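Take a look at the structure below.
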Amino acid sequence: DLQSLVVTPLARPDRVATERGVTSPSMETLNAFLEQPLVTPILTVVASVALAYLVELVIRRTLVVMASKTATELDDLIIDALRRPIFLSVIFGGIGFATASLGLEDPGRFVVMAGLKTFAVMTWTTAVMRIGTMVVHTLGNANRRGSVLQPRTIPVFDMLMKIVVLAVAVYFVFVAWHVDLTAWLASAGILGIAVGFAAKDSLGNLFAGLSILADGPYKLGDWIVVDG
């Protein structure tokens with residue numbers, strides 16, 4: 001009829017081609033661009049960086065504001081210590097996905113992924129040590145009676161905390177590189193037993209001192225009278 005004759009010539013060619021199942025030139029160009037080997041990994045990394053900044057913005061607008069309204073300063077310090085590892089972890093995740101999309105063959109892919117895991121472990125180890133030090137100092141300076149954590153024992157507990165965190169970090173690094181730790185752990189257990197027997201007197205004096213500090217029979221400035 002006359003209406004169809006009028007409407008049909010005015011239809012857009014690209015729309016008619018799309019309706020018939022033919023891809024438009026612009027879509028073909030976009031698909032060809034996305035099919036390039038490095039495009040998807042680059043877009044993944046860029047998206048991860050943008051997401052990291054978005055997460056940082058959310059933390060700054062919510063957690064930082066909430067922590068600033070509390071009476072203690074410890075929560076502010078903890079959030080400040082966590083912001084960097086969270087930011088970097090999001091980027092590390094994006095780089096990991098980008099590496100997977102590249103289709104690398106081993107050992108190249110294994111080295112990249114193990115390296116990312118190692119950097120993540122190092123980043124979080126530093127943050128956990130920093131938070132642990134702040135917690136130990138805060139609790140040690142609280143002067144709670146009957147607690148072994150006092151200003152004089154802060155260096156001892158701080159050192160023990162760092163040794164434990166570092167040992168756990170080394171374990172996860174070995175796991176990331178697929179290193180079998182069975183023989184190492186067995187040797188460490190035997191060595192620990194030997195050191196325990198050799199240093200039992202020193203360890204006994206250490207725990208006795210901590211027990212005295214916890215009981216608090218006397219404090220700095222008191223006079224102790226000894227017979228003879």
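We number each residue from 1, following the sequence as shown. Please read these numbers as outputs of a predicted model, since none were measured by experiment. Values reported hereafter were calculated over all heavy atoms of this structure, with side chains retained and with hydrogens, waters and symmetry mates removed.
The heavy-atom pair separating V121 from A169 by the smallest distance is CG1-O, 3.6 Å. The minimum heavy-atom distance between A176 and K117, with the atom names listed, is CB-CB, 3.8 Å. Contact between P41 and A98 at its shortest, heavy atoms only, is O-CB, 3.5 Å. A pairwise comparison of heavy atoms in M134 and A81 identifies CE-CB, 4.2 Å as the closest pair.
Atoms OG1 and CG, on T133 and L77 in that order, are 11.5 Å from each other to the nearest 0.5 Å. From H137, atom NE2 reaches atom CG of L74 across 12.0 Å, with rounding to the nearest 0.5 Å. With rounding to the nearest 0.5 Å, the separation of OG in S89 from CG in L116 is 11.0 Å. Within the model, atoms CG of L63 and CD1 of I86 stand 8.0 Å from one another, a figure rounded to the nearest 0.5 Å. Taking CD1 of I91 as the start and CZ of F119 as the end, the distance is 13.5 Å to the nearest 0.5 Å.
The stretch residues 158-180 participates, sequence neighbours left out, in these salt bridge (Lys or Arg N to Asp or Glu O under 4.0 Å) pairs: D158-K162. Among residues at least two apart or in separate chains, salt bridge (Lys or Arg N to Asp or Glu O under 4.0 Å) pairs with a member in residues 59-76 are E56-R60. Listed by first and then second residue, the salt bridge (Lys or Arg N to Asp or Glu O under 4.0 Å) pairs that reach into residues 189-204 come to none, sequence neighbours excluded.
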What verdict does the side chain to side chain contact (heavy atoms under 4.5 Å, CB included) test give for F92 and T123, after you've listed the backbone C-alpha separation in whole Å, the side-chain angles of each residue and the deciding distance to 0.1 Å? CA-CA 11 Å; F92 289 157; T123 302; 4.0 Å; yes
Apply side chain to side chain contact (heavy atoms under 4.5 Å, CB included) to the pair W124 and L82, showing each step before the final yes or no. CA-CA 8 Å; W124 281 100; L82 291 175; 3.7 Å; yes
Pair Y171-L181, side chain to side chain contact (heavy atoms under 4.5 Å, CB included): steps then yes or no: CA-CA 8 Å; Y171 171 78; L181 298 177; 3.1 Å; yes
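Hydrophobic clustering keeps M66 apart from I79 (ILVMFWY residues linked when any side-chain heavy atoms are closer than 4.5 Å, directly or through intermediates). V170 is connected to F172 through a chain of hydrophobic side-chain contacts under 4.5 Å among Ile, Leu, Val, Met, Phe, Trp and Tyr, so both are in one cluster. Hydrophobic cluster membership differs between M129 and M159, with clusters built from Ile, Leu, Val, Met, Phe, Trp and Tyr side chains linked at under 4.5 angstrom. At a threshold of 4.5 Å between side-chain heavy atoms, the hydrophobic network of Ile, Leu, Val, Met, Phe, Trp and Tyr places V128 and I163 in two separate groups. One hydrophobic cluster, built from ILVMFWY side chains closer than 4.5 Å, cannot hold both I154 and L160; they sit in different ones.
More than 12 heavy-atom neighbours from other residues, nucleotides or ligands sit within 6.0 angstrom of CZ on R83. Within 6.0 Å of atom CZ in F87, more than 12 heavy atoms from other residues, nucleotides or ligands are found, so the atom counts as buried in its surroundings.
Under the 3.5 Å distance criterion, the side-chain polar atoms of T126 are matched with a main-chain donor or acceptor of M122.
The aromatic rings of F110 and W177 sit perpendicular, their planes meeting at an angle over 60°, well past the 30° parallel limit.
Under the side-chain contact (heavy atoms from CB on, under 4.5 Å) rule, L149 has a single partner from T138, V135, L139, N141, which is L139.
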